[in-house]
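Just so you know, ligand 1 is whichever comes first in the structure, and atom 1 is the first atom listed for that ligand. Hydrogens, waters and symmetry mates are skipped; everything else that's a heavy atom, side chains included, is used.
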Amino acid sequence: MRKKIVAGNWKMNMNLQDGIALANEINEAMKADRPNCEVVVCTPFIHLAKVADVLDRNVVALGAENCADKAKGAYTGEVSAEMVKSTGAQYVILGHSERREYYGETAEILKEKVQLALANGLKIIFCCGETLEEREANRQNEVVKAELDGSVFNLTAEEWKNIVLAYEPIWAIGTGKTATSDQAEEMLAYIRSIVAEKYGQAVADETSILYGGSCKASNAPELFSKPNIDGGLIGGASLKCADFKGIIDAWKK
Ligand code: PEP
C-alpha cells in the first residue's frame, strides 16, 4: 500500500534557535503519540544539520526545500544535492511554485535538480499546480501535465520509486483558500491516471500524491478521506507543533 505522508515546508521562517526548538517539539510529540503516516519536516538549508541532530529520523524524516541544479563548483550561494544529503536529510522539495515564480525555475532547470537529487539518494517531493487564471480557463489538467512532462516523466520506473508528487494549486497557497476536497480529489485522480499512462497502473497505485494549499487541522480529515489524497504538503500550519500535529492526527480519524 502506498505511503501516507504529511510534510511541513517551513519556507524562510524561523531563525536557527526557533527552528531547533520546533523540531524538538515535533520529535517529542511524534514519539509520544506515534503517527499513522510518514512525517517529514523540510527546513531552510541553514537548519538542516542541526535539525538532523534533534530528530529521530525513523520517526520524523528531514528534508530540504530546494537544491542546486549543478553538482558542484563555482556557484556562489548555491547548495548542492550532495551537501543536502550529507546533512542527513532524506527528502528535498522541488518545483515549488514559489521557486518557479520568484526564482525563474523552469522545467529544464527542475529536470537537472531532479536528476542530481536522485543521484545523491534523496527522495523528491515534486510540486505542480495551476494559477487561478489557468483554473478559471479550465486549463489545470494541461498545466499540471506539462509540469510533470517537463521535469519528471523522463525518469525510469526505478527512479520513479523515489518520487512523491504534491498538487498545490497556486491560488490556494498561503491564501487561506483551500481547494475543496472534490477539486483536490479530481486533480489527484487525474494525476494518478497520467502516472498510470506513463508507468503502468501498479506504479501509479504505489505513488504517493499529496495535496497542498492552506491545509489545516480543520480541513485535513475531509481532504484525507478522499481515495487519491495520500496526505499533505503544509506551509503555514507546519510552523506550530500543535497545528502540524492536528493535521498528522487527521490520519487517525
Ligand atoms: C506550500 O507552500 O507548500 C503550502 C502548502 O503553503 P500553505 O499551507 O501555507 O498554503
Side-chain angles (χ1 to χ4, degrees), residues 4-14 18-19 22 26 37-45 47-48 60-67 89 91-103 105 110 113-114 117 122-132 134-135 140 143-144 147-148 151-152 163-181 183-185 187-188 191 208-224 226 228-251:
K4 311 294 184 199
I5 300 172
V6 174
N9 174 15
W10 289 2
K11 310 191 185 184
M12 199 171 74
N13 291 298
M14 288 184 295
D18 292 343
L22 177 59
I26 293 170
C37 63
E38 176 156 358
V39 175
V40 188
V41 166
C42 298
T43 81
F45 292 134
H47 296 54
L48 286 172
V60 183
L62 177 64
E65 299 170 16
N66 184 25
C67 70
Y91 279 89
V92 60
I93 298 172
L94 292 175
H96 194 283
S97 59
E98 288 155 11
R99 301 289 322 166
R100 294 179 193 261
E101 186 181 349
Y102 306 140
Y103 300 96
E105 294 194 359
L110 290 169
K113 293 187 178 204
V114 165
L122 291 166
K123 293 179 201 159
I124 298 168
I125 300 175
F126 189 83
C127 305
C128 56
E130 80 286 355
T131 62
L132 185 57
E134 289 161 343
R135 175 151 288 256
Q140 63 272 17
V143 168
V144 164
E147 287 178 337
L148 299 178
S151 305
V152 287
I163 300 290
V164 171
L165 297 176
Y167 167 60
E168 300 207 301
I170 296 168
W171 46 273
I173 297 179
T175 58
K177 199 171 170 184
T178 320
T180 65
S181 56
Q183 280 174 321
E185 169 63 14
M187 176 54 89
L188 267 60
I191 293 174
S208 298
I209 312 181
L210 315 182
Y211 166 77
S214 300
C215 182
K216 38 191 183 283
S218 57
N219 57 26
E222 165 72 16
L223 286 160
F224 296 176
K226 297 291 181 185
N228 281 289
I229 302 182
D230 302 318
L233 179 56
I234 319 297
S238 71
L239 299 175
K240 286 200 180 127
C241 182
D243 295 347
F244 193 46
K245 185 171 187 302
I247 297 170
I248 292 161
D249 288 347
W251 282 120

TODO: Classify the contact between A172 and ligand 1 as side chain, backbone, both or neither, using a heavy-atom distance cut-off of under 4.0 Å.
DONE: backbone
Open item on the list: Against ligand 1, does G232 come closer than 4.0 Å with any heavy atom?
Closed with: no
- [ ] Run the contact test for G213 against ligand 1 with a 4.0 Å cut-off on heavy atoms, strictly below, and give the result.
- [x] yes
At their closest point, which heavy atom of [X] faces which heavy atom of [Y], and how far apart are they?
X    : Y    : value
C215 : I247 : O-CD1, 3.6 Å
L110 : S151 : CB-OG, 3.6 Å
I125 : A7   : CD1-CB, 3.8 Å
A117 : L94  : CB-CD1, 4.2 Å

Open item on the list: Under 3.5 Å between any N/O of C215 and any N/O of ligand 1: does that happen in this structure?
Closed with: no
- [ ] Answer yes or no: does an N/O atom from S214 fall short of 3.5 Å to an N/O atom of ligand 1?
- [x] yes
Counting each atom of ligand 1 from 1 as listed, which ones have a heavy atom of [X] under 4.0 Å away?
X    : result
N9   : 2 (O), 3 (O)
G174 : 7 (P), 9 (O), 10 (O)
L233 : 3 (O), 5 (C)

About how many Å separate [atom2] of [Y] and [atom1] of [X], when rounded to the nearest 0.5 Å?
X    : Y    : atom1 : atom2 : result
E185 : S181 : CD    : OG    : 8.5 Å
D230 : F224 : CG    : CZ    : 10.0 Å
E147 : S97  : CD    : OG    : 8.5 Å

Please list the nearest protein heavy atom to [atom] with its residue and the distance rounded to 0.1 Å.
atom                   : value
atom 1 (C) of ligand 1 : H96 NE2, 3.2 Å
atom 3 (O) of ligand 1 : E168 OE2, 2.7 Å
atom 2 (O) of ligand 1 : K11 NZ, 2.5 Å
atom 8 (O) of ligand 1 : G235 N, 2.8 Å
atom 9 (O) of ligand 1 : G236 N, 2.9 Å

Task: Ring geometry between W10 and H47 (parallel below 30°, tilted from 30 to 60°, perpendicular above 60°) - done: perpendicular
Open item on the list: Testing the 3.5 Å rule here: is there a donor-acceptor pair between the side chains of H96 and E168?
Closed with: yes
